[in-house]
Structures are given as structure tokens and as C-alpha cells.
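Here, residue 1 is the first one in the sequence, and each next residue gets the next number.
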Amino acid sequence: MDRSYGKLKTEVLKNIDMLESVATMREARSMFEYLEEIKQNLLNDRFNLVVLGEFKRGKTTFLNALLGTDILPTDVLPLTSIVTLIRFGKEIKIEVIFLNGDTKTIAPGELPGYVTEAGNPGNKKKVKEVCLEHPSTYLKEGIMLIDTPGVGSIYQNNTDETYSYLPKVDAAIFLLSSDQPISQSEIGFLKDIAPYSVKIFFILNKIDYLSVTDRQKAVEFAKKVLIERVGFTEVNIFPLSAKLALEGKIEHSDKKLSESNLQSFTSTLDEFLLSEKGRATINAACHKGRNAAFELRLGVELEMKALDLPIEELKAKIELFDDMAKRLQQEQEDNSYIFKGEVNKVYHELEREISGFQEYCKETLNKEIDQIYHGQSLSGRKLMSYMESYIEDRIKVSLEEWQPEVEKKVRDVFNKVVSRFTNRTNLVIGELLKQSAEIFDLKLEGFAEIEALTDETSLYYIFGEQNTMFVPDSIKIYALFLPGFISGPMIMSEMRKKIEREIDRNCGRLRTDYNERIIKSVDGFRKQFKEKFDTVIEGTRFVLVRAVEKRESSRKETTKSYEKLSRQVAILEYAISGFNSLSSVYPR
């Protein structure tokens, strides 16, 4: 079997398509949606591959070579100033995302105006990042390439942007150049990224400038520097010519492609992709697909078994099923009430965190403005203006630093509650299917379990008063006309009120935001759980009632239905076998 991640992924998707065809035949809408979700998660799964290195090492030319087209701008000057995300799309599409959240679709020829230092110096256009969709076969397997600004560029914002993307990557390609020794900034950068535990592939670019002998010497020298000065214990460097690789792709020249050594590198990268990330992704999809196939097969086998039973015995078994379903339905309703009570723990944790932050922030800020007041000699108006800005900036920074902590704590508590309820619900559903199988002397091997959902919203902060232009602010008048020894205490009193007001207002907004998210998530879980439970009951009862109708009709109709069900079983068995085979590439 071809062990490439993309090929295995394609095979998994084919097996899921088979299951979807059976789900459609059986009018199992919920199961079809579940399978579609597995498929979309697999299709959307991306391997984030960032290209790093000092400016002018040929990063953009290398990316163009991978894509097989000269679409990203290159120049003789330090160039890229904005991160560009490159992912698969059926056609070329470029979207600019701005810092304020706005987006703009542009033509390829407009790209330099947003991602280069010449076209967008110091990021004066306030671009956050650029997303490029491209129909490259290299991207089709789920790879997302990240083109970063050069580390060590004279433009500090370029280096900052590169550092900010390190936590988001699965692996990195670090380009060195055969025509320049490894610089001190490259050594420093490699030391800095060590804590991120990112797998690094080193490329010695521009080998077309060197003879075979000099090429080997350059590789050995670079390896020696990386081991002795950076601290790597093992280094594998790929000599490569991005220029020849790009020319070979554009000109369809096998000779240039071979000389570029690109294929040797991409083969090693593909192997890593499969072993590191592909293993978990493929196995997870196979596990879910196999369980979905088991559940579908149980439904088919129930119907086939029912078609073989005498009509009276079949009706008696349906009554047994109804009694059992009613009992388990009550058990699930009890679980729902328990879930509601458990969610209160999440609200308590949220309130504890927010209240603690409010008190700490107010105490800290009041001490800070006291120090500012006693250590300054500003006029009343300047003092008030300075303190207003200081308070707003400090609250915003404090909120931004604290918010990820409370987010994690609340999410952890919420996930534990949801996990417990999910486990209880899966136990009830599993018992429902198991007892359904036993009524008809069948065996349950697995079923499509429900999973926890996640929900996120963006956060913003609010500051400032909403005075009308016709009503003067009295404190500002005092600051203008009263002497400092009188206006100073009045300003301080007002600033303390401002601290109280702004912290309470923003924490209140956080409370509202989190409460809405919790409510939305809880409602989503309840709906998901109820739909799954009801679907199992209704779906099972539907096939049994349909079997009764077939049995009460002609024998010819029963035989026809049995043959149709046998074909469905064959499809499911083939898919199950396929999932087992695919999982065996990397056993769980």
C-alpha cells in the first residue's frame, strides 16, 4: 500500500463515501451527517509547515517551487513583511485580512502591495495576514505553507511577525544559503525556537552555485556549526536549488528538477508528515468510520433478522424493544437533569475567577496611580489626560494577559462536566443498541459515539464615557481653572471612580460573553445528545416496522428486500475491512 499521507487519506474518504451511500439507502439522515462531519474534519485537517530563515535565503523562491508557479513576489531586497498562509483551493484566490477584521480579495498582481516592505512599509496598511488558495497538488494532501518575513532583516516588524507564528506550526523548514556562512542572527534564532519543540528540516539552498565537491563541504560545515554553536545533537541538511526546482516545474524539465534535489527533500517530508501527524488523523477517522459502519450494519442485520421471523414473534420483539427504549429514555432524561446541575459548577468557577481579578486589578491600579500622582509635576489637565490613558491601557493589558488564563480554567471545568455527561449518554446509547441486538440474537461491535463540541467567540474591550457634546464634564473644568493642590485630589477621586467603573464594565461584559457561550454550548450539547438518542430509537423502530410491512406483503417483496439488505451488508463489510487495513499502517 502507498504509505503517503495523502493516499491514505484518499482511501479513508472512499470508505466514508461507501458508508454515506448505505446511510442514504437506509434514509439515515443523522448518520449521513455524522459521516459528512468525519469527512470534512479529514478534508480540513492541515499540517502547518512554516518556512523560516534569514532574509534573502530564497524562502519565497522555494515556496514558488513547491507550488510550481511564480506567484509569490521575489526581489533583490529584503522583501516579505507580512505572513502569507498558503492552502489548497480549486482555483487561485488571494484574500487580505486586516488587523480590524476586514477582508479584501485581490488579484495576484496586487499581492506585492500588501506583503512586501516596498509595497507596505512598516505595515502601514494594517494587514494581519494574507491567505492564498492555490490548486497545487502538493497542498491537496492537507499541507498549509506559511511564508514568514525574514529573521534578521533590518525591519524589526518582519522579525517580530516570524517569531509570533512559531507556536502555530507542526514543522519548520529552515533555509540556509550555500553562498553565505551561517550568521549570528540565524544561530540566535535557532536557539530561540528550541523551546517550541518544532521539527526542523534544514535546506542548504543555492547549490547550483557550487561544484559537487564544494557542495558537500558546505553541507558538512553548516552541520558542524549547527551542532557546535546551536546545540543540535543530530542534523540532516538537504542540499537544494530552489531556483532550478522552480524552473524545472515551470518548464516541465525533468533534468532541472532532478538537479535541484527537490524530490529527495519532499519524500522525507512526506514520511515525517505521515508518521507524526498522519498516524493520529488516519487512525481517528478509521476508528469513527468503523464504529459508524458497525452501527449501520446492526440496523441492516436487525431488519434482515426481522424479515426471517414469523409475524407474531416479530411483533412481540417490537414490544420488548419499546419497553426497553422507554426505560432507557427515562435514564437519559435523568442524566440531563444531572448535567444541568453540573453546569452550575462552571458558573461558580467563572464568577470566582472574575471577582478575584476585579479585586486584584482595582487594588493594583489604585496603588499605581497614587505613585504617579505623588511623583509628577504635571498640570491638572495633563495629569488627567495622562491618567485616563494610563488606566485604560493598563486595564486592557491586564485583561489581555488574564483572559487566556480564565478561558483555560473555565474551559477545563466545562470540558470535565461535558465529558462526564457525554460518557453517561454514550453508555445509555450503547446499552440501547446492545439490548436491541440481543432481542434479535445479534451482537453489537461498535457504534458512532457522540463527541463534545467547542464554541468560541471573539472578545473586545470597551472604554471611555458617553458624555454628550452639550453637557460639559465638570472634572475637566476643574482641571483647567483650579490650582493643582485643589484639582489634584478631585482628579484622583475621579480616577479611582474610573478604575472601578471601567474594570466593572469590562468584567461585566466578560461575564455576559462567557454566560452566553456556556448557555449556547449547553443547548448545543443537549440538542446533539437528544437527537442521537431519538435517532437510535426511531431508526431501530423504523426498520422493525418496515420489516413487519414487508412480512405482511408478498413473499416476493420480502425476498427482494432481503437481497437489497444483503448488498448493503456487503458494502459495509468491504468498508470495515478497508478501515482495518488502513489502521494497520500505524496500529493504535
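Contact check for V96 versus T103: no side-chain heavy atoms found under the 4.5 Å cut-off. Counting heavy atoms from C-beta outward, N205 and S178 have side chains that stay 4.5 Å or more apart. In this structure the side chain of Y514 never reaches within 4.5 angstrom of the side chain of V346, judged on heavy atoms. In this structure, V130 and E95 have side chains that are not in contact, with every pair of non-hydrogen atoms separated by 4.5 Å or more. Looking at L145 and L66, their side chains come closer than 4.5 Å, going by heavy atoms from C-beta outward. A heavy-atom distance below 4.5 Å is found between the side chains of F32 and E20.
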For this session: Please report the C-alpha distance between K224 and E220 in whole Å, then the side-chain angles of each, then the deciding distance to 0.1 Å, and finally whether the salt bridge (charged side-chain N to carboxylate O under 4.0 Å, His left out) criterion is met.
Result: CA-CA 6 Å; K224 184 171 181 289; E220 292 302 322; over 6 Å; no
Problem set entry | K14 and E11: CA distance, side-chain angles, deciding distance, salt bridge (charged side-chain N to carboxylate O under 4.0 Å, His left out) verdict | CA-CA 5 Å; K14 284 180 182 177; E11 289 301 314; 3.6 Å; yes
Problem set entry | E133/K90 under salt bridge (charged side-chain N to carboxylate O under 4.0 Å, His left out): CA gap, chis, key distance, verdict | CA-CA 8 Å; E133 292 186 4; K90 292 182 178 178; over 6 Å; no
For this session: Apply the test side-chain hydrogen bond (donor to acceptor under 3.5 Å, both in side chains) to residues D147 and T84: give CA-CA distance (whole Å), side-chain angles for both, the deciding distance (0.1 Å), then the verdict.
Result: CA-CA 5 Å; D147 186 16; T84 302; 4.8 Å; no
For this session: Given salt bridge (charged side-chain N to carboxylate O under 4.0 Å, His left out), test E392 with K396 step by step and report yes or no.
Result: CA-CA 6 Å; E392 291 181 5; K396 185 175 181 181; over 6 Å; no
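Using the six-membered ring where Trp is involved, F357 and W402 have ring planes that are parallel, under 30° apart on the 30 and 60° scheme.
Judged by the 6.0 Å distance and 45° axis criteria, K125 is positioned over the aromatic ring of Y114.
Considering H252, K249, E247, E251 as possible partners of L257, the one that fulfils the side chain to side chain contact (heavy atoms under 4.5 Å, CB included) test is K249.
The two atoms that bring I395 and E502 nearest to each other are CD1-CB, 3.6 Å, heavy atoms only.
A distance of 9.5 Å separates CG of D208 from OG of S260, quoted to the nearest 0.5 Å.
Of the N and O atoms on the side chains of Q263 and S267, at least one donor lies less than 3.5 Å from an acceptor on the other residue.
Ring-centre distance between F202 and F265: not below the 6.0 Å cut-off.
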